[in-house]
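Just so you know, ligand 1 is whichever comes first in the structure, and atom 1 is the first atom listed for that ligand. As the structure is a prediction and not an experimental result, all values here were calculated from the model.
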Amino acid sequence: AACAELRAILTHMRRGVAFTGAGISTECGIPDFRSPGGLWARNRPIDFETFLARRDMRDEAWRRRLALDAAFAGAEPGRGHRVLQRLVAERRLAGIVTQNIDGLHQAAGVPDQHLLELHGNTTYAHCLECAARYEIDWVRRRFEANDARAPDCPACQGPIKTATISFGQPMPAAAMAQARELTRACDTFLAIGSSLVVWPAAGFPVEAKRHGATLVIINREPTPLDAVADLVIHADIGEVLEAALEP
Ligand code: OAD
Ligand code: ZN
């Protein structure tokens, strides 16, 4: 029944927004944050201030990131990414707002102008001082050659970090503003694979609802926003989205 309802909503959608979290990428071999075995179940996050202040924590941040590189570098888009790409191509989705940093929406073929990354991207790194870009492979070679120490920027000696947003780091203003605009104008807001507990990102579904959108939540676990949603589906994302679009 829920699936039929989702199918009807997607059929009528004209300027939807998909809001994605780590749950859309777990089938691609990338762990989420808050599930058992998720990243924050293994390690406490390193906040931005600590990353800047402590060299040993920069080393630790890079140790963790490089340990995940097989997962990130080898990942292919999953069923959820492919369905959303198709909905963008058909102009039923106006855009995808993502908290994910894995680059898999791009890999599925979603054009940059339809994709807003709120938490940045971990498929490359940059210098926090001069913004020079560095590839992860380059960082790994330096890290390994230098006894597990994080490299500094060869150009300016600044700290090098993946292009992601850490706790305590300012959100990307342009992406936030565009995401807000899309959210206020959308007819349907699909929150997919997010625990919806991290702010300000989790404010988007509320904002959509306040502006009259139909709110759909697809997530294995309950979320704090289930009570305000029009349709809640607690099931596997790839399965649900594929089934909803089957002819
Ligand atoms: P979470 O790990 O908090 O939530 C992912 C949700 O996806 C969980 O509720 C899972 O139950 C669900 N899930 C996982 N696999 C699924 C599947 N195949 N089908 C259906 N549901 C599935 O991840 P996010 O909500 O994305 O930010 O986390 C938000 C932010 O917190 C992240 O962007 C990151 C993190 O700290 C920063 O680091 C700033
Ligand atoms: Zn630099």
Side-chain angles (χ1 to χ4, degrees), residues 2 6 18-48 50-51 61 64-65 68 77-81 83 96-105 116-122 125-134 138-139 150-172 175-176 179 190-205 216-226 232-244:
L6 178 62
F19 177 77
T20 61
I24 197 171
S25 298
T26 52
E27 74 171 28
C28 313
I30 297 174
D32 66 10
F33 295 93
R34 293 175 183 78
S35 289
L39 294 177
W40 298 157
R42 292 184 226 172
N43 285 308
R44 295 172 64 86
I46 297 169
D47 64 37
F48 191 52
T50 306
F51 184 92
R64 291 182 193 177
R65 171 60 186 84
L68 283 170
R79 291 170 297 176
H81 299 100
V83 166
I96 299 176
V97 177
T98 189
Q99 303 171 85
N100 295 346
I101 55 177
D102 53 33
L104 289 178
H105 288 300
L116 297 166
E117 291 180 312
L118 301 185
H119 293 166
N121 189 303
T122 196
H126 59 191
C127 169
L128 292 172
E129 294 287 341
C130 76
R133 173 175 166 139
Y134 297 97
W138 178 90
V139 176
D152 292 326
C153 177
C156 80
Q157 313 309 316
I160 293 175
K161 183 177 176 292
T162 65
T164 51
I165 306 298
S166 298
F167 289 111
Q169 190 171 1
M171 300 287 283
M176 281 294 282
L190 310 169
I192 300 171
S194 176
S195 58
L196 301 177
V197 296
V198 173
W199 292 73
F204 284 98
V216 178
I217 295 177
I218 305 173
N219 201 59
R220 208 149 51 195
E221 301 292 322
T223 80
L225 299 182
D226 286 4
V232 178
I233 302 180
H234 291 154
D236 181 72
I237 292 158
E239 246 165 64
V240 167
L241 286 179
E242 275 203 333

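- Counting only heavy atoms from C-beta outward, the side chains of Val139 and Arg65 never approach each other to under 4.5 Å.
- In the displayed structure, Arg42 atom CZ is contacted under 6.0 Å by more than 12 heavy atoms of other residues, nucleotides or ligands.
- Contacts of Thr50 classified as side-chain hydrogen bond (donor to acceptor under 3.5 Å, both in side chains), with partners at least two apart in sequence or in another chain: Asp47.
- In summary, the side chains of Thr164 and Thr122 do not present any donor paired with an acceptor at a separation below 3.5 Å, with no hydrogens or angles considered.
- Considering CG of Asp236 and CD of Glu27, their distance stands at 6.5 Å, rounded to 0.5 Å.
- Counted by atom type alone, Ser194 and Gln99 present one or more donor-acceptor pairs between their side chains at under 3.5 Å.
- For a distance threshold of 2.8 Å, the protein N, O or S atoms nearer than that to the Zn ion (ligand 2), listed by chain and number, are Cys127 SG, Cys130 SG, Cys153 SG, Cys156 SG.
- Residues forming a side-chain contact (heavy atoms from CB on, under 4.5 Å) with Asp32 (at least two apart in sequence, or on another chain): Ala22, Thr26, Ser35.
- For ligand 1, the protein residues within 4.0 angstrom (heavy atoms only) are Gly21, Ala22, Gly23, Thr26, Asp32, Phe33, Arg34, Ser35, Trp40, Gln99, His119, Ile165, Phe167, Gly193, Ser194, Ser195, Val198, Asn219, Arg220, Glu221, Ala235, Asp236, Ile237.
- Inter-residue side-chain proximity for Leu118 and Thr98 is flagged as unmet; no heavy-atom pair is nearer than 4.5 Å.
- Between Pro151 and Trp138, the shortest heavy-atom contact is CG-CZ3, 4.1 Å.
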